Amino acid sequence: MTRSNEEVAELFREYADLISITGGEAYRARVYEKAARSIGGHHTDVSTLDVKGLRDIPNVGKSIAEKTVEYCRSGSVAAVEELRAKIPAGVRRLTAIPMLGPKKAFHLYEELGISSVEELADAIHDERLRDLKGFGPKTEENLLHGIELLRSSAERVLLDTATDLADDIVTELSKVTGCRRCTHAGSLRRFRETIGDIDVLAAAETSAPLMRAFTELPYVSEVIVHGSKKTSIRTTKGLQVDLRVVPPDSWGAALQYFTGSKAHNIRTRELAVHQKLKLSEYGLFDAESDEKIVSETEEEVYARLGLPWIPPTLREDRGEIEAGLHDELPELVEEQDIRGDLHTHTDLTDGLAPLEEMVAAAAERGYAYYAITDHGPDLVMQRMTDERMLAQRDRVRELDGAYRGRGGRGLRLLHGVELNIDPDGEVDWPEEFLAGFDLCVASVHSHFNQGRAALTRRIVRACENPYVNVIGHPTTRVIGKRPPVDADLDEIFAACARTGTALEINGHPARLDLRDEDILRARRHGVKFAVDSDAHSVLHLANMRYGVGMAQRGWLTKDDVINTWPRTRLQRFLRKGGTGRKARG
DNA sequence: GCCGTTTTCGGCCCGACTGTTTTCAGTCG
């Protein structure tokens with residue numbers, strides 16, 4: 001599924017790069033970059049909008065609106081084609097090499113006709129860069145190294161991988177004498193679904209011991225830059241980690257700055273400029289006198305700009321600044337609001353731990369309720385039968401009796417199932433049998449390439465089943481491995497809202513499905529969500545935190561998430577407006 | 001090229017590090 005918005009955004013990103021490469025005004029390039037972001041994140045399909053409607057999108061004015069219409073109507077934009085004709089695509093590709101930006105790339109093309117990474121490698125080997133102004137021996141070396149990195153294409157890593165590494169680095173640096181504070185920032189703090197590099201921030205009077213400890217970590221393969229305020233390394237697995245050390249009284253401003261996103265920071269700094277202030281990682285200053293106003297906490301910095309503290313998961317310039325200025329930020333769902341997990345497995349199917357261990361771990365997490373949802377018989381390899389499922393139910397009821405005590409404050413168990421949505425939208429069992437479950441998750445596990453119409457119909461049919469309560473990992477994507485299915489998500493979102501079916505936000509770091517942009521769209525349809533771990537082991541129950549991170553990035557509140565609700569309200573929802581199952585006491 | 005508590009023109013985020021251009025441009029985040 002490619003929405004026109006994505007295509008148009010990519011087109012304007014390319015146009016911005018081409019403007020930079022050809023030495024066009026820097027401001028024009030930036031404007032197209034900003035417009036690309038706004039359009040990519042806009043909730044309405046731009047191909048359905050006219051110039052007037054397009055101009056309501058932030059950073060889209062007359063010229064960009066007209067280019068968008070031109071693209072949607074004809075498939076191309078004359079101004080972009082003009083620059084494409086001047087600059088081979090390979091020149092833009094050159095800027096993907098670290099340390100090689102638009103200026104140097106254009107210089108290489110103009111002077112030596114280099115228009116691909118391969119040609120650049122050859123030119124360096126042939127020593128043809130030697131008499132080029134601005135290209136010394138060190139630059140040559142860096143370029144060769146950059147080409148190597150590009151070819152080995154260090155990819156973005158999953159959230160759990162990045163979290164584990166960041167936690168380790170923070171732990172090690174916190175031990176260094178003189179380290180006053182240390183934490184990770186950047187996209188990891190914002191819970192972006194994948195992480196390109198890790199940002200670590202530390203506060204200390206003197207930075208040298210921290211920098212030294214950092215470069216001496218056992219998994220450092222390369223020190224990229226090494227200064228007194230900033231040091232960057234690459235790990236043996238190819239992941240870049242940046243360490244910034246600031247004076248302790250700059251902590252708040254520095255944390256705000258290094259958390260990003262870049263777009264959010266530009267907005268906050270613009271707000272500062274409008275108030276005759278200057279915001280940097282060292283604090284908020286009076287623009288005239290350079291006198292420091294605040295810097296110790298993020299709250300102070302935001303407050304002085306006229307904003308409430310903005311949760312890191314919202315800092316993407318997707319409307320959080322405007323919402324903050326009008327005091328309309330959502331009260332985001334938090335991990336401690338989660339009262340239970342509604343999608344988990346045991347070793348009865350493909351989980352690793354027995355029922356008793358999973359339930360004990362759920363109780364340990366302080367949950368008020370917990371659903372066991374092993375696979376139904378359609379996934380043949382799981383060898384599920386009616387008898388085995390009913391035997392599990394008996395055992396769940398026994399355990400429920402054992403855990404429920406303690407004055408009604410104990411853990412309540414729900415016996416559920418993860419059904420398979422077959423190519424026609426049917427599930428594993430007839431309604432009579434489904435009625436016996438407390439809750440049914442239904443998910444697509446195969447036939448991912450049915451075509452848009454068939455896939456949409458298939459999932460909508462599952463929503464219309466009176467016993468299906470949650471659509472599990474709705475787009476079935478696996479990050480870096482399997483793309484999301486091509487379905488009309490807006491139609492599915494509408495069906496969910498209409499039928500009282502929740503959409504899952506699956507917290508497995510390789511899934512994170514739905515993703516943040518889909519959550520934002522679904523929310524506009526009035527859909528409710530279930531944030532689940534989809535745990536196949538005791539350890540995986542902790543993946544709930546990544547699911548909550550995604551929910552926050554989708555601006556969800558407690559009210560949007562059914563597994564933050566008290567059990568009685570949840571059970572009303574599970575009855576699907578009376579068409580589905582009856583409540584069980 | 002967009003935007004507006006600087007409002008239809010004039011401004012547009014800020015700083016660190018590197019390499020090479022002996023005073024700064026390019027790149028990155």
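A note on names: the letters A, B, ... follow the listed sequences, proteins ahead of strands, and every chain is numbered from 1. Model, not experiment: these values are computed from the prediction.
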Inset, instruction - Using the P atoms only, state how far B/dG15 lies from B/dT22, rounded to an integer number of Å. - result: 26 Å
Legend entry - Any donor-acceptor N or O pair under 3.5 Å, side chains A/Ser533, A/Asn543: no
Legend entry - Donor-acceptor pair (no angle test) under 3.5 Å: A/Tyr15 side chain, B/dG1 base: no
Legend entry - Separation of atom CD in A/Gln275 from atom C1' in B/dC13, rounded to whole Å: 15 Å
Inset, instruction - Using heavy atoms to find the nearest nucleotide of DNA chain B for A/Lys138 and A/Lys62 separately, return the residue whose nucleotide is more 5′. - result: A/Lys62
Inset, instruction - Among B/dG29, B/dA16, B/dC13, find the nucleotide with the atom closest to the side chain of A/Ile266. - result: B/dC13
Inset, instruction - Between B/dG1, B/dG29, B/dC14, spot the one nearest the side chain of A/Tyr32, thanks. - result: B/dG1
Inset, instruction - Under 4.0 Å between any heavy atoms, over every strand shown, what does A/Glu281 touch: base, sugar-phosphate, or nothing? Just pick one. - result: sugar-phosphate
Legend entry - Residue pair A/Arg156 / A/Thr194, side-chain donor-acceptor N/O under 3.5 Å: yes
Legend entry - Rounded P spacing from B/dG11 to B/dA16 in Å: 26 Å
Inset, instruction - Under the salt bridge (Lys or Arg N to Asp or Glu O under 4.0 Å) rule, what do A/Arg128 and A/Glu119 come out as? Steps first, then yes or no, please. - result: CA-CA 11 Å; A/Arg128 281 190 283 138; A/Glu119 286 170 18; over 6 Å; no
Legend entry - Distance in angstrom units between A/Ile195 CD1 and B/dG29 C1', rounded: 15 Å
Inset, instruction - Would you mind classifying the nucleic acid contact of A/Asn265 as base, sugar-phosphate or nothing, using non-hydrogen atoms under 4.0 angstrom? - result: nothing
Inset, instruction - May I ask you to say what A/Arg244 touches in the nucleic acid, namely base, sugar-phosphate or nothing, with a heavy-atom cut-off under 4.0 Å? - result: sugar-phosphate
Legend entry - Interatomic distance, A/Arg189 CZ vs B/dG29 C1' [rounded to whole Å]: 17 Å
Legend entry - Between A/Thr171 and A/Lys175, a side-chain donor and acceptor under 3.5 Å: no
Inset, instruction - Provide the distance between the two P atoms, one in B/dC17 and one in B/dC13, to the nearest whole Å. - result: 22 Å
Legend entry - Those residues that, when tested against A/Lys278, pass salt bridge (Lys or Arg N to Asp or Glu O under 4.0 Å) (two or more places apart): A/Asp290
Inset, instruction - Assign A/His226 to base, sugar-phosphate, or nothing according to its heavy-atom contacts below 4.0 angstrom with the strands shown. - result: sugar-phosphate
Inset, instruction - Report yes if a side-chain nitrogen or oxygen of A/Tyr27 is closer than 4.0 Å to either non-bridging phosphate oxygen (OP1 or OP2) of B/dC13; otherwise report no. - result: no
Legend entry - Per A/Ile64 side chain, nearest of listed nucleotides B/dC14, B/dG1, B/dG15: B/dG1
Legend entry - side-chain N/O A/Arg28 vs B/dC12 OP1/OP2, d < 4.0 Å: no
Legend entry - A/Leu305 CG - B/dC14 P separation (whole Å): 12 Å
Inset, instruction - With P as the reference atom in both, quote the distance from B/dT23 to B/dG29 in angstrom, rounded to an integer. - result: 29 Å
Inset, instruction - Determine, step by step, whether A/Asp160 and A/Thr163 satisfy the side-chain hydrogen bond (donor to acceptor under 3.5 Å, both in side chains) criterion, reporting the C-alpha distance in whole Å, the side-chain angles of both residues, the deciding distance to 0.1 Å, and the verdict. - result: CA-CA 5 Å; A/Asp160 54 343; A/Thr163 300; over 6 Å; no
Inset, instruction - Check whether any side-chain nitrogen or oxygen of A/Lys278 sits under 4.0 Å from OP1 or OP2 of B/dG15, and answer yes or no. - result: yes
Inset, instruction - Check every strand shown and say whether A/Ser228 touches a base, only sugar-phosphate, or nothing at a heavy-atom separation below 4.0 Å. - result: sugar-phosphate
Legend entry - Along DNA chain B (nearest heavy atom to each residue), the more 5'-positioned of A/Ala65 and A/Glu270: A/Ala65
Inset, instruction - Measure from the side-chain heavy atoms of A/Val31 and tell me the nearest of B/dC2, B/dC14, B/dG29. - result: B/dC2
Inset, instruction - Evaluate the ring planes of A/His508 and A/His540, with Trp represented by its six-membered ring, and classify them as parallel (under 30°), tilted (30 to 60°) or perpendicular (over 60°). - result: perpendicular
Legend entry - B/dT18 and B/dC12, which share atom name P, separated by this distance in whole Å: 29 Å
Legend entry - Closest listed nucleotide, where the reference is the side chain of A/Lys262 and the choices are B/dG15, B/dA16, B/dC13: B/dC13
Inset, instruction - For the side chain of A/Val273, starting at C-beta, report the closest nucleotide among B/dC13, B/dG29, B/dC2. - result: B/dC13
Inset, instruction - Starting at atom NE2 of A/His274, determine the distance to atom P of B/dC14, rounded to an integer number of angstrom. - result: 11 Å
Inset, instruction - Hunt down the Watson-Crick or G-U wobble partner of B/dG4, both distances under 3.5 Å, from any strand shown, or write none. - result: B/dC9
Inset, instruction - Write down the atom of A/Ala16, the atom of A/Tyr32, and the distance for their closest heavy-atom approach. - result: CB-CB, 3.9 Å
Legend entry - Nucleotide B/dC28, atom C1' - distance to CG of A/Asp197 in whole Å: 10 Å
N/O to N/O distances under 3.5 Å, protein versus nucleotides 25-27 of chain B:
from   : atom 1 : to       : atom 2 : distance (Å)
B/dT27 : OP1    : A/Gly101 : N      : 2.8
B/dT27 : OP1    : A/Gly101 : O      : 3.2
B/dT27 : OP1    : A/Lys104 : N      : 2.9
B/dT27 : OP2    : A/Lys103 : N      : 3.3
B/dT27 : O5'    : A/Gly101 : N      : 3.4

Legend entry - Shortest side-chain distance from A/Ser63, nucleotide among B/dG15, B/dG1, B/dG29: B/dG1
Inset, instruction - Could you verify whether a donor N or O on one side chain and an acceptor N or O on the other, from A/Asp17 and A/Ser20, lie under 3.5 Å apart? - result: no
Inset, instruction - Can you tell me the distance, in whole Å, between the CZ atom of A/Arg269 and the C1' atom of B/dG29? - result: 10 Å
Legend entry - Between B/dG15 (C1') and A/Leu243 (CG): distance, integer Å: 16 Å
Legend entry - Residues forming a side-chain hydrogen bond (donor to acceptor under 3.5 Å, both in side chains) with A/Glu298, sequence neighbours excluded: A/Arg189, A/Trp309, A/Arg315
Inset, instruction - Look at all strands and tell whether A/Lys34 reaches a base, only sugar-phosphate, or nothing, counting heavy atoms closer than 4.0 Å. - result: nothing
Legend entry - side-chain N/O A/Thr139 vs B/dT20 OP1/OP2, d < 4.0 Å: yes
